[in-house]
Amino acid sequence: MRNCGRKFWTQLRRLKRVENVLKEITPKSVDYSQWYVDVIKKADMVDYAPIKGFMVIKPYGYRIWEFIQDAMNAEFRATGHENAYFPLLIPENLLLREAEHVEGFSPEVAWVTVGGGEVLAERLAVRPTSETIVGAMYARWIQSYRDLPVLMNQWSNVVRWEKATRPFLRTTEFLWQEGHTVHRTESEAEAETRQQLEIYRRVIEQELAIPVIAGRKSAGERFAGAIDTYTLEALMGDGRALQIATSHFLGQNFAKAFNIQFLDEDGVQKYGWTTSWGSSTRMIGGLIMVHGDDKGLRIPPRVAPLQVVIVPITRGSEGEQVLRYARELETRLKSRFRVRLDDRAEYTPGYKYNDWEMRGVPLRIEVGPRDVANQALVLARRDTGAKETVSRDRLEETVVNQLTAIQHNLFAQALQEQHRNRRSVTHYREVEKYGYRGLFDGDWCGRESCADTLKTETGMTIRCLPLDGPTIQTGCVVCGQLAVSHIVFARAY
RNA sequence: CGGGGCGUAGCGCAGCUUGGUAGCGCACUUGCUUUGGGAGCAAGGGGUCGGGGGUUCGAAUCCCUCCGCCCCGACCA
């Protein structure tokens with residue numbers, strides 16, 4: 001009888017809990033976009049700004065960006081790049097220099113036409129990207145082959161006037177880094193382009209735990225003004241692909257447009273070979289979609305603003321003792337981990353569990369009178385939900401091990417998800433039976449007309465010509481004729 | 001740019017059909033009791049009902065108009 005009663009109440013409590021969670025976060029399976037919006041708002045990462053298409057990145061979201069910056073800066077420096085800063089505004093004549101570039105960006109450029117109360121003689125573009133102004137400066141700085149290579153990066157904001165926006169994934173203004181380099185030879189510039197793509201892959205896979213597919217963009221998807229665009233594509237939880245970083249080989253297009261010339265060793269004036277590469281706060285959107293679940297965020301430990309949260313259970317008269325014990329654990333962890341003791345008296349432990357789970361903190365330590373008595377603590381993992389009791393003297397080593405395990409597990413889960421949703425097809429109509437979700441491998445004849453058909457018929461685009469993986473096996477997935485490339489296609493963000 | 005939805009307290013909403021003292025839940029403040037998976041009780045604070053105009057004795061409610069936001073599709077880190 002007593003057992004029955006207890007079971008009943010446990011059940012009821014569980015139902016109530018599910019209900020509460022549902023109230024705050026729409027389940028992924030019900031409405032993926034709504035889930036995404038709920039998570040970022042509940043996790044306190046962003047808020048909508050009072051201007052359409054703009055967002056405020058709040059400290060909890062911005063901290064993740066700072067970890068990404070740290071990881072990238074380290075990689076960039078190790079490969080000889082230096083940070084610099086170029087102007088926000090670009091004179092119209094500069095933006096017009098490279099024909100393809102203007103054509104690609106002009107629809108989304110914002111213009112400044114008035115300054116100091118007077119109409120400007122020449123309107124100024126708010127940078128949508130900085131190739132043009134950087135190019136103009138490089139032309140002034142480079143004279144000799146001895147000045148090369150020029151390897152610079154800038155962290156900045158850019159503005160692209162978008163019609164449909166989503167926090168992190170596509171906002172009118174966004175934060176990013178853009179690297180701009182000039183090289184003496186074509187092969188050196190190409191190598192740079194590939195090297196930077198690998199840096200992105202490392203940071204994205206190792207720090208953000210997001211598995212990517214590296215490839216080359218088809219002509220139709222290339223950066224405006226580039227000879228070649230390399231990309232990293234990631235699969236999101238709803239089966240759509242996200243372009244998460246790009247690296248462009250610009251050939252001599254911009255060098256010629258901006259007159260970036262140098263006198264080579266052989267006494268001949270030559271144009272430089274340039275590259276540019278970028279990654280943005282969009283990566284954070286990817287991180288949310290790849291790892292998040294119905295309880296909220298799951299942040300990989302390496303970029304988690306908080307890695308461990310300690311929740312004391314200050315029950316009854318032993319409250320002070322538990323708090324002392326918890327503070328001692330906090331002190332021990334503080335030097336090595338990002339830890340916080342949540343000693344807010346106004347919330348119950350259960351509330352705190354849910355709160356921190358929503359925010360995606362990888363590890364939670366629970367300590368109560370029982371643990372004080374046993375000289376132990378309870379460790380709960382956010383990724384699996386598993387709880388274990390750990391003796392106090394094994395605290396640090398267990399935390400290290402578990403954080404490492406979580407980082408790996410999140411990547412492994414995401415990779416498994418990617419594999420499960422990547423399929424080879426011989427004809428594009430096959431994607432219908434998969435609900436147009438996932439990544440599809442196939443062959444392509446190389447004609448833009450077939451890419452157009454694919455798009456109109458399925459809403460899918462060629463994400464990339466993968467650098468590694470299967471080779472050409474059959475005919476074009478659209479026309480069936482002789483294929484020249486292997487492609488990965490998907491619906492994309 | 002098309003389609004849909006919405007605008008009433010910080011958040012979520014009811015009230016509008018049929019005009020008559022602006023409400024509910026959560027959150028917030030204070031106090032007491034609580035705390036091992038979203039605590040309870042009590043007492044409080046908080047609103048030019050998105051803006052403007054009109055009808056009316058009287059408008060959150062009816063009419064006109066403007067604005068904004070979100071979601072879904074066509075173009076893009």
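We name chains A, B, ... by the order of the sequence lines, and we start the count at 1 in each one. Remember, predicted model here, so these are calculated numbers, not experimental data.
In this structure, A/F249 and A/W273 have parallel ring planes: the angle between them is below the 30° cut-off, well short of the 60° mark.
Phosphate contact (OP1/OP2 of B/rC28, side-chain N/O of A/Y347, threshold under 4.0 Å): present. Phosphate contact (OP1/OP2 of B/rC75, side-chain N/O of A/R160, threshold under 4.0 Å): absent.
Judged by distance alone with a 3.5 Å cut-off, a donor-acceptor contact links the side chain of A/E357 to the base of B/rG37. Residue-to-nucleotide contacts include a donor-acceptor pair under 3.5 Å from the side chain of A/R170 to the base of B/rC76. Within 3.5 Å, a donor on the side chain of A/S280 pairs with an acceptor on the base of B/rA77, or the reverse.
If you take CG of A/N354 and C1' of B/rG38, they are 5 Å apart, rounded to a whole angstrom. Put simply, CG on A/L323 is 14 Å from P on B/rU35, counting in whole angstrom units. Protein atom CG of A/D31 is 13 Å distant from nucleotide atom C1' of B/rG4, rounded to whole Å. Distance, A/L175 CG to B/rA77 C1': 12 Å, rounded to whole Å. Remark: C1' of B/rU30 and CD of A/E346 are 13 Å apart, rounded to the nearest angstrom. Atoms CH2 (A/W161) and P (B/rC1) sit 13 Å apart, rounded to a whole Å. Atom CZ in A/R364 sits about 12 Å away from atom P in B/rG38, given to the nearest Å. In this structure, CD of A/E233 is placed 13 Å from C1' of B/rC76, rounded to the nearest angstrom.
Side-chain N or O atoms of A/R463 include none that pairs as donor or acceptor with a backbone N or O of A/G215 at under 3.5 Å. Proximity of a side-chain donor or acceptor of A/R359 to a complementary backbone N or O of A/D44 within less than 3.5 Å is not detected. Remark: side-chain polar atoms of A/Q375 are paired, donor with acceptor, to backbone N or O of A/V372 under 3.5 angstrom. Of the possible donor and acceptor atoms, one in the side chain of A/K28 sits under 3.5 Å from a partner among the backbone N and O of A/G292.
Checking B/rC69 for Watson-Crick or G-U wobble geometry (two distances, each under 3.5 Å) identifies B/rG5 as its partner. With a cut-off of 3.5 Å on both pairing distances, the Watson-Crick or G-U wobble partner of B/rC26 is B/rG10. Shown here, B/rG19 forms no base pair; nothing in the strands shown gives a Watson-Crick or G-U wobble contact with both key distances under 3.5 Å. Applying the Watson-Crick and G-U wobble criteria (two distances, each under 3.5 Å), B/rA74 pairs with nothing in any strand. When both distances must be under 3.5 Å, the Watson-Crick or G-U wobble mate of B/rC32 is B/rG40. Nucleotide B/rG47 forms a pair with no other nucleotide shown, judged by Watson-Crick or G-U wobble geometry with both contacts under 3.5 Å. Across the strands present, B/rC62 finds its partner in B/rG54; the criterion is a Watson-Crick or G-U wobble pair with both atom distances under 3.5 angstrom.
Scanning all heavy atoms of the two residues, the minimum distance from A/E75 to A/T79 falls at O-OG1, 2.9 Å.
Distances were taken from every side-chain heavy atom of A/A164 (C-beta onward) to each of B/rG73, B/rG36, B/rC71; the shortest belongs to B/rG73. In the set B/rG38, B/rC75, B/rA74, B/rG38 carries the atom at the smallest distance from any side-chain atom of A/D355. Nearest to the side chain of A/Y353, among B/rC72, B/rG37, B/rU35, sits B/rG37. Listed candidates were B/rG36, B/rC1, B/rA39. Nearest to the side chain of A/R315 is B/rG36. Closest to the A/Y351 side chain, of the nucleotides B/rC71, B/rG36, B/rA39, is B/rA39.
Among the atoms of the strands shown, base atoms are found under 4.0 Å from some heavy atom of A/T171. Within 4.0 Å of A/A245, counting heavy atoms only, lies no atom of the nucleic acid at all. Looking at heavy-atom distances under 4.0 Å, A/I244 makes no contact with the nucleic acid at all.
A/Y493 does not carry A/R170 over the face of its six-membered ring by the limits of under 6.0 Å from the centre and within 45° of the normal. For the pair A/R202 and A/Y200, the cation does not sit on the ring face, since its NZ or CZ is not both under 6.0 Å from the ring centre and inside 45° of the axis.
Both A/G350 and A/Y493 sit near RNA chain B, but only A/G350 has its closest nucleotide nearer the 5' end. Heavy-atom nearest nucleotides on RNA chain B were determined for A/R166 and for A/E173, and the one closer to the 5' end corresponds to A/R166.
With 3.5 Å as the limit, one finds a donor-acceptor pair spanning the side chains of A/E131 and A/S276.
Between the C1' atoms of B/rG44 and B/rG3, the separation comes to 47 Å (whole Å). Nucleotides B/rC75 and B/rC26 have their P atoms positioned 47 Å apart, rounded to a whole Å. Look at the C1' atom in both B/rC13 and B/rG20: the space between them is 24 Å, to the nearest Å. Comparing the P positions of B/rC57 and B/rG52 gives a spacing of 22 Å, expressed to the nearest Å. Comparing B/rA43 with B/rG7, their C1' atoms are spaced 33 Å from each other, to the whole Å. With P as the reference atom, B/rC66 and B/rG2 are 15 Å apart, rounded to whole Å.
By the 5.5 Å and 30° criteria, A/W176 is not stacked with the base of B/rA77.
Taking the ring centroids of A/W176 and A/W65, they lie at or beyond the 6.0 Å cut-off.
If you check residues 368-389 of chain A against RNA chain B, the residues with a heavy atom closer than 4.0 Å are A/G368, A/P369, A/R370, A/D371, A/V378, A/K387, listed by number.
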